[in-house]
Enquirer: 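Mind having a look at this structure? Questions to follow.
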Amino acid sequence: MSNTGVVDMESQKQVLERVRGAFRSGVTLPVKFRLTQLEAMMSLFEDNETLILEAMHKDLAKPKFEAVLSEIDMVVNDLCYTISNLQSWIQPTYVGTNLATKLDDCFVRREPLGVVLIIGAWNYPLQLILSPLIGAIAAGNCAILKPSEISRATEKLLSELIPKYLSQECYAVICGGAEETKTLLENRFDHIFYTGSQSVARCILQAAAVHLTPVTLELGGKCPCLIYGRLDMKAAAKRLVWAKFFNAGQSCVAPDYVLCTAETRDMLLPFVKEALDSFYGSEPQQSPDMGRIVTDRHWDRLVELLKKSEGKIVIGGESDKKTRYIAPTVLVDVKESDALMQEEIFGPILPILIIKSLDEGINFINEREKPLALYAFSDESQVVTTVLERTSSGGFCSNDGIVHMSLSGLPFGGVGASGMGNYHGRWGFETFSHKRGCMLRGWGLERVNVLRYPPYTESNLSWLRWATTSKKKGWAGCSVM
């Protein structure tokens, strides 16, 4: 087998055996090894930025500016944050004791899970593989990486760079399509981390269930943007347009649709048009800052959604299959039964739906699956607070879009249909760690321990309950044995 992928089932097994053998050897346990690998990943970015940008452009015509922000700097910032804090994260967390355990050391120890599988997505093909890998390495795991075969240039680049910079014994890249992934999932892993669609996530869960493997699912969904009350309409339009059409709308956290009153819509649209003209010019197809749809199949799906929609196109609507271009498009008069509202759009198409009140907007959101992100635009703090308190989503951001995911200190992940588990910064370290509860006991206080041995008596029970009960005013507590 070469470093660029895997040829058949047997070679997959060989890779897994090699990586599992490396983990069992204990090589990943010392923090020095983990930091060395994280610093090597930093060198990967420093040495290969030009190659990374070229791959991003081949796959998605991703502008350099967007690729640097979302594919390079986000991961590098996460690396820096993790390297700076890892020594403190790995320290045991000591917990409180009771009278019966007063002389014992009681703590939580974070240990690696073992060999983990990370399956990436095509829309951010570097970030969505390497960002979870940071957490896996920091926690002391070995890892198998499965990049998306749809973003072929980045898949090839990863298969070349990972063996060059990281330990080949501990980390491996396996390339291929759906069949290779299906075969890969037949093997036992200690954790599976998947980013992608809900339909594939169901297959991941079924495969994981065979081995009782824990999973982290980073999915998507229709992320709402609720605009209500007083606000700076011009600034709101700029932030909305940037968040929606970044990466040609191919972001799991992109605003999927807008909810606002008819009055707000009429005030917003001219500023949206102005922002689009300012960002991409009067002919967005000629703009170097407008990305492209990843494949013909994805382009066909988006164009078909536009054809089926009963909404009125007020901005954009043009498309060109040869270059997989779809213009930044805005539709009004969109109903909740519209084709555009039946699935995640994942492209440069923005429907605007009308609500008459804040309550109606909140109810609209709550009647649907919990989104990966929810955005509330308003200068009225009470509006933002009300939306935050009365809804549920993976993440929340007011008066902007997608920027919340760039902060390493915040957990990033979904809830319900938008996913389970989270990562970034310490949250990734915790995801890939087993929290092992530990008690180190000596032979002292045996006279107290005698209370728990048969023959049982009411007197011993009373004394034991007193020694093991939480002492809090007004609360009898629970005896913990």
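A quick note: this is a predicted structure, and the numbers were derived from the prediction, not measured.
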Enquirer: Does any non-hydrogen side-chain atom of L184 lie less than 4.5 Å from one of I119?
Expert: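 Side chain of I119 against side chain of L184, heavy atoms only: no contact under 4.5 Å found.
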Enquirer: Would T386 and Q382 satisfy side chain to side chain donor-acceptor pair (under 3.5 Å), going step by step from the backbone distance to the final call?
Expert: CA-CA 6 Å; T386 299; Q382 187 57 45; 3.2 Å; yes
Enquirer: Let's go through L126 and V75 carefully: what are the C-alpha distance in whole Å and the side-chain angles of both, what is the deciding distance for side chain to side chain contact (heavy atoms under 4.5 Å, CB included) to 0.1 Å, and is it a yes or a no?
Expert: CA-CA 9 Å; L126 203 74; V75 184; 5.9 Å; no
Enquirer: Please determine whether the number of non-hydrogen atoms from other residues, nucleotides or ligands lying under 6.0 Å from atom CH2 of W89 exceeds 12.
Expert: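 Check passes, neighbour count above 12.
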Enquirer: Just do the side chain to side chain contact (heavy atoms under 4.5 Å, CB included) check on V403 and C397 with the steps written out, would you?
Expert: CA-CA 8 Å; V403 294; C397 183; 4.1 Å; yes
Enquirer: Please check this pair: side chain of Q12 against backbone of E180, looking for a donor-acceptor N/O pair closer than 3.5 Å.
Expert: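 Between the backbone of E180 and the side chain of Q12 there is a qualifying donor-acceptor contact (under 3.5 Å).
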Enquirer: Hey, is the main chain of L128 close enough, under 3.5 Å, to the side chain of S131 for a donor-acceptor pair?
Expert: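 Side chain of S131 to backbone of L128, a donor-acceptor pair under 3.5 Å: no, none is there.
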Enquirer: Is there a side-chain contact between S418 and P371 (heavy atoms, below 4.5 Å)?
Expert: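 No, every pair of side-chain atoms sits at 4.5 Å or beyond.
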Enquirer: How far apart are the C-alpha atoms of W122 and T295, what are their side-chain angles, what is the distance that settles it, and do they pass the side chain to side chain contact (heavy atoms under 4.5 Å, CB included) test?
Expert: CA-CA 10 Å; W122 54 261; T295 67; over 6 Å; no
Enquirer: Calculate, to the nearest 0.5 Å, the distance between atoms CZ and NE2 belonging to R188 and H211 respectively.
Expert: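 R188 atom CZ to H211 atom NE2 measures 8.0 Å (nearest 0.5 Å).
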Enquirer: Does any part of the side chain of F279, heavy atoms only, come nearer than 4.5 Å to the side chain of K238, both counted from C-beta?
Expert: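 Yes. Closest side-chain heavy atoms under 4.5 Å.
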Enquirer: Salt bridge (charged side-chain N to carboxylate O under 4.0 Å, His left out) between E186 and K182: does it pass, once the steps are laid out?
Expert: CA-CA 7 Å; E186 292 173 359; K182 182 179 178 181; 6.0 Å; no
Enquirer: Backbone N or O of A327 within a donor-acceptor pair of the T329 side chain at under 3.5 Å?
Expert: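 Yes.
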Enquirer: With a 4.0 Å cut-off on N to O distance, would you call E54 and K58 a salt bridge?
Expert: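 Looking at K58 together with E54, the answer is no, because their closest N to O distance does not fall below 4.0 Å.
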Enquirer: Kindly indicate whether the side chain of Q285, heavy atoms from C-beta on, has any atom under 4.5 Å from the side chain of R292.
Expert: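 When only atoms from C-beta onward are counted, R292 and Q285 do touch, with a gap below 4.5 Å.
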Enquirer: Would you say D256's side chain and P224's backbone share a donor-acceptor pair under 3.5 angstrom?
Expert: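 Between the backbone of P224 and the side chain of D256 there is no qualifying donor-acceptor contact (under 3.5 Å).
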Enquirer: Can you see which heavy atom on E369 is nearest to which on A417, and at what distance?
Expert: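 Smallest interatomic distance, heavy atoms only, reads OE1-CB, 3.5 Å.
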Enquirer: Between W242 and F65 (judged by ring centroids, cut-off 6.0 Å), do the two rings come close enough to count as a pair?
Expert: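 Not under 6.0 Å, so no.
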Enquirer: Does any non-hydrogen side-chain atom of L353 lie less than 4.5 Å from one of F364?
Expert: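 Result yes, sub-4.5 Å side-chain heavy-atom pair found.
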Enquirer: When R110 is tested against each of H434, E430, Q91 for side-chain hydrogen bond (donor to acceptor under 3.5 Å, both in side chains), which residue passes?
Expert: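 In the set H434, E430, Q91, the residue that makes a side-chain hydrogen bond (donor to acceptor under 3.5 Å, both in side chains) with R110 is E430.
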Enquirer: If every non-hydrogen atom of K244 is compared with every non-hydrogen atom of P255, which pair is closest and at what distance?
Expert: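 Reported closest heavy-atom pair: CD-O, 2.9 Å.
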Enquirer: Measuring from atom SG of C225 to atom CG of D400, what distance do you get when rounded to the nearest 0.5 angstrom?
Expert: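 Output value for this atom pair is 9.5 Å.
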Enquirer: If you take all heavy atoms of P163 and L158, which pair is closest and at what distance?
Expert: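 Shortest heavy-atom separation between P163 and L158 comes out as CD-O, 4.0 Å.
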Enquirer: Drop me the distance from I137's CD1 to E39's CD, to the nearest 0.5 angstrom.
Expert: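 Interatomic distance, I137 CD1 to E39 CD, rounded to 0.5 Å: 11.5 Å.
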Enquirer: So do H298 and I150 actually touch side chain to side chain, heavy atoms under 4.5 Å?
Expert: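 Counting from C-beta outward, I150 and H298 do come under 4.5 Å.
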Enquirer: If only atom types and distance count, is the side chain of Y375 paired as donor or acceptor with the main-chain N or O of I402 below 3.5 Å?
Expert: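 Checking the backbone N and O of I402 against the side chain of Y375, a donor-acceptor pair under 3.5 Å is found.
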Enquirer: Could you check whether F193 and Y423 have their ring centres less than 6.0 Å apart?
Expert: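 Centroid separation for Y423 and F193: below 6.0 Å.
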Enquirer: Just to verify, what does T213 make a side-chain hydrogen bond (donor to acceptor under 3.5 Å, both in side chains) with, not counting sequence neighbours?
Expert: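 Testing T213 for side-chain hydrogen bond (donor to acceptor under 3.5 Å, both in side chains), a comparison that skips the adjacent residues, returns none.
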Enquirer: Please give me the minimum heavy-atom distance between C106 and T97, naming the atom from each residue.
Expert: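 Scanning both residues completely, I find the closest heavy atoms to be SG-CG2, 3.7 Å.
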Enquirer: With a sphere of 6.0 Å drawn around CD of E343, does it hold more than 12 non-hydrogen atoms of other residues, nucleotides or ligands?
Expert: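 More than 12 heavy atoms, drawn from other residues, nucleotides or ligands, come within 6.0 Å of this atom.
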Enquirer: Could you tell me whether R109 sits above the aromatic face of F107, with NZ or CZ closer than 6.0 angstrom to the six-membered ring centre and within 45 degrees of the axis?
Expert: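 Negative - R109 is either too far from the ring of F107 or too far off its axis.
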Enquirer: Walk me through whether D190 and R20 qualify under salt bridge (charged side-chain N to carboxylate O under 4.0 Å, His left out).
Expert: CA-CA 10 Å; D190 298 294; R20 192 165 294 281; 3.1 Å; yes
Enquirer: Test your reading of the model: is there a side-chain donor-acceptor pair from D78 to the backbone of G425, 3.5 Å cut-off?
Expert: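 Yes.
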Enquirer: Looking at I326, is its backbone amide N or carbonyl O close enough to the side chain of S319 to form a donor-acceptor pair, meaning the two atoms are under 3.5 Å apart?
Expert: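 No, because the side chain of S319 does not come within donor-acceptor range (under 3.5 Å) of the backbone of I326.
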Enquirer: On a heavy-atom basis, which atom in G140 and which in T28 lie closest, and how many Å separate them?
Expert: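 Of all heavy-atom pairs spanning G140 and T28, the closest is O-OG1, 2.6 Å.
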Enquirer: So does L219 get a backbone contact from the side chain of Q198, meaning a donor-acceptor N/O pair under 3.5 Å?
Expert: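 Checking the backbone N and O of L219 against the side chain of Q198, no donor-acceptor pair under 3.5 Å is found.
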Enquirer: To the nearest 0.5 angstrom, please state how far the OG atom of S278 sits from the CG atom of L276.
Expert: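 S278 atom OG to L276 atom CG measures 9.5 Å (nearest 0.5 Å).
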Enquirer: Got a donor-acceptor contact below 3.5 angstrom from the S408 side chain to the H424 backbone?
Expert: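 Answer holds: no.
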Enquirer: Taking everything shown except K435 itself, do over 12 heavy atoms lie less than 6.0 Å from its NZ?
Expert: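 Yes, because the 6.0 Å sphere around NZ of K435 holds more than 12 heavy atoms from other groups.
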Enquirer: Applying side chain to side chain contact (heavy atoms under 4.5 Å, CB included) to L117 and Y194, what does each step give before you reach the verdict?
Expert: CA-CA 8 Å; L117 171 63; Y194 169 74; over 6 Å; no
Enquirer: Regarding Y124 and S251, do their side chains bring together a donor and an acceptor under 3.5 Å, going by distance alone?
Expert: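 S251 and Y124 do have a side-chain donor-acceptor pair below 3.5 Å.
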Enquirer: Write down the atom of R18, the atom of A172, and the distance for their closest heavy-atom approach.
Expert: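 So the minimum-distance heavy-atom pair works out to NH2-CB, 3.8 Å.
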Enquirer: If you define the side chain from C-beta out and look only at heavy atoms, does anything of L240 sit under 4.5 Å from L350?
Expert: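 Touching, per the 4.5 Å side-chain cut-off.
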Enquirer: Evaluate whether atom CZ of R301 has more than 12 neighbouring non-hydrogen atoms of other residues, nucleotides or ligands under 6.0 angstrom away.
Expert: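 More than 12 heavy atoms, drawn from other residues, nucleotides or ligands, come within 6.0 Å of this atom.
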Enquirer: So does E283 have more than 12 non-hydrogen atoms from other groups sitting under 6.0 Å from CD?
Expert: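 No, CD of E283 has 12 or fewer neighbouring heavy atoms, counting only those of other groups under 6.0 Å.
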Enquirer: Look at the side chain of Q250 and the backbone N and O of N247, then say whether any donor-acceptor pair between them is shorter than 3.5 Å.
Expert: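 Yes, because the side chain of Q250 sits within donor-acceptor range (under 3.5 Å) of the backbone of N247.
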Enquirer: Do R441 and T101 have side-chain N/O donor and acceptor atoms under 3.5 Å apart?
Expert: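 There is no such pair (donor and acceptor under 3.5 Å, judged by atom type) between the side chains of R441 and T101.
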Enquirer: What's the spacing between N123 CG and D59 CG if we round to 0.5 Å?
Expert: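 That separation rounds to 11.5 Å.
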Enquirer: How long is the straight-line distance from CD1 of I192 back to NZ of K146, given to the nearest 0.5 Å?
Expert: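 Between atom NZ of K146 and atom CD1 of I192 there are 13.5 Å.
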Enquirer: Is there a side-chain contact between V387 and Y228, using heavy atoms and a 4.5 Å cut-off?
Expert: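 No, their side chains stay 4.5 Å or more apart.
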